[in-house]
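Every chain is numbered from 1 and lettered A, B, ... according to where its sequence line falls, protein lines coming before strand lines.
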2 protein chains.
Amino acid sequence: MVHKDTDCEILHLDVVDKVRSTMPKEPILNEVSTLFKIMGDNTRSRILWALDQNEMCVCDLAALLNMTKSAISHQLRLLREAHLVRFHREGKNVFYVIDDDHVKDIFEKAVEHIIEKNNPTL
Amino acid sequence: MVHKDTDCEILHLDVVDKVRSTMPKEPILNEVSTLFKIMGDNTRSRILWALDQNEMCVCDLAALLNMTKSAISHQLRLLREAHLVRFHREGKNVFYVIDDDHVKDIFEKAVEHIIEKNNPTL
DNA sequence: ATTATAGTTGAACAATCATTCAACTGTCAA
DNA sequence: TTGACAGTTGAATGATTGTTCAACTATAAT
């Protein structure tokens, strides 16, 4: 995205230098935010959660999430393109599976985080 | 978001039942996707990454990321409202800090993930 | 008091994006 | 080969959202 340059002078050069020197390459941070963006949709995160439990075909996903095949299929395409899921056809059905253990980790950690946050007694 | 009901019959009832029975409550999955959505913006994830290295004032963040104070401040407001960062004023400066260790974990795990993915020799 | 700097905020605009709709492909059964 | 079902796809649409702009508040220095 195009945006204006900064309108600021650096105030604490030591801090900015320190942070800048350890900053990951731009493409890395880009991929990180892209990953989160893909997981950051209610439909897609429910799909990922479901597939984390069991591989599923499109129709069952649609029934489970109470959405149309088309809507689910569009979101699965995004997940496929991001290599977060892969699929195999069996007869008339196309089954989707999570393709990436890191995604499972990250997703499960986030669920933990939310549950703990809502459950201060833990 | 409002959407149509499903246009599918359940095809594999055992799978759907199994997945449905362990499905987190809707609000939990909602908060999870909201968390990812917030982290899923290039500017916000760079801010989070920077604050993960060191607390920083708005102006230094703007200089580091080469963006205007206003743009940064708008994004910091979202991060504040999501309780991902907190701030304290010192004189004319307002310093922001990450408010949530889980966010650090999740973020660092995602960076690891991307780096490993781009570096198959690891 | 006045001026300058740091930061915030609301409205507006442009861009992105999720779902719908309709038309399509692929597979199986009769 | 015809029909039915599972799934995909492109265009359209409505909603969401990131940045800009201009006006504002807060703090410190002169």
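- Residues from residues 64-75 of chain A lying near DNA chain D, meaning a heavy-atom separation below 4.0 Å, are K69(A), S70(A), S73(A), H74(A) in numerical order.
- In terms of heavy-atom proximity, I98(B) sits nearest to K104(B) at CG2-CG, 4.0 Å.
- Counting any heavy atom pair closer than 4.0 Å across all strands shown, C57(B) reaches sugar-phosphate atoms only and no base atom.
- Counting all heavy atoms, side chain and backbone alike, W49(A) lies closest to V19(B) at CH2-O, 3.3 Å.
- Scanning all heavy atoms of the two residues, the minimum distance from A110(A) to F36(B) falls at CB-CZ, 3.5 Å.
- Straight-line distance from the NE2 atom of H12(B) to the C1' atom of dC5(D): 13 Å, rounded to whole Å.
- Position along DNA chain C of the nearest nucleotide to K4(B) versus L76(B) favours L76(B) as the more 5'-ward residue.
- Summarising the geometry, the separation between CD on E81(A) and P on dT8(D) is reported as 12 Å, rounded to the nearest angstrom.
- Sequence order on DNA chain C of the closest nucleotides to L11(A) and D41(A) puts L11(A) first from the 5' end.
- In this structure, I10(A) atom CD1 and dG7(C) atom C1' are separated by 18 Å, rounded to whole Å.
- For dG18(D), the OP1/OP2 oxygens have no side-chain nitrogen or oxygen of T43(B) closer than 4.0 Å.
- Atoms CG and CG, from L78(A) and D41(A) in turn, are 8.5 Å apart once rounded to the nearest 0.5 Å.
- For the OP1/OP2 pair of dT8(D) and a distance below 4.0 Å, the side-chain nitrogens and oxygens of Y96(A) include at least one atom meeting the criterion.
- Atom P of nucleotide dT8(C) and atom CG of D7(A) are separated by 12 Å, given to the nearest angstrom.
- Rounding to whole angstrom units, NZ of residue K92(B) and P of dT27(D) are separated by 12 Å.
- Spacing between atom CG of L79(B) and atom C1' of dT8(C) amounts to 15 Å, rounded to whole angstrom units.
- You'll find that the side chain of R89(A) is closest to dT27(C), out of dT19(C), dT27(C), dA6(C).
- Atom-to-atom, NE2 of H3(A) to C1' of dT17(D) comes out at 16 Å; the value is rounded to the nearest Å.
- Using a 4.0 Å heavy-atom distance criterion, L78(B) is classed as a sugar-phosphate-only contact.
- Residues N93(A) and D5(A) each lie close to DNA chain D; by heavy-atom proximity, the contact nearer the 5' end of the strand is made by N93(A).
- Between the side chains of H113(B) and D100(A), at least one donor-acceptor pair of N or O atoms lies under 3.5 Å.
- If you take CG of L61(A) and C1' of dT8(D), they are 15 Å apart, rounded to a whole angstrom.
- Results of the side-chain contact (heavy atoms from CB on, under 4.5 Å) test with Y96(A) over R86(A), R80(A), E55(A) single out R80(A) as the only residue that passes.
- Phosphate proximity of dT8(C) to R80(B): present, with a side-chain N or O under 4.0 Å from OP1 or OP2.
- Within a 6.0 Å sphere centred on CD of E9(B), other residues, nucleotides and ligands contribute 12 heavy atoms or fewer.
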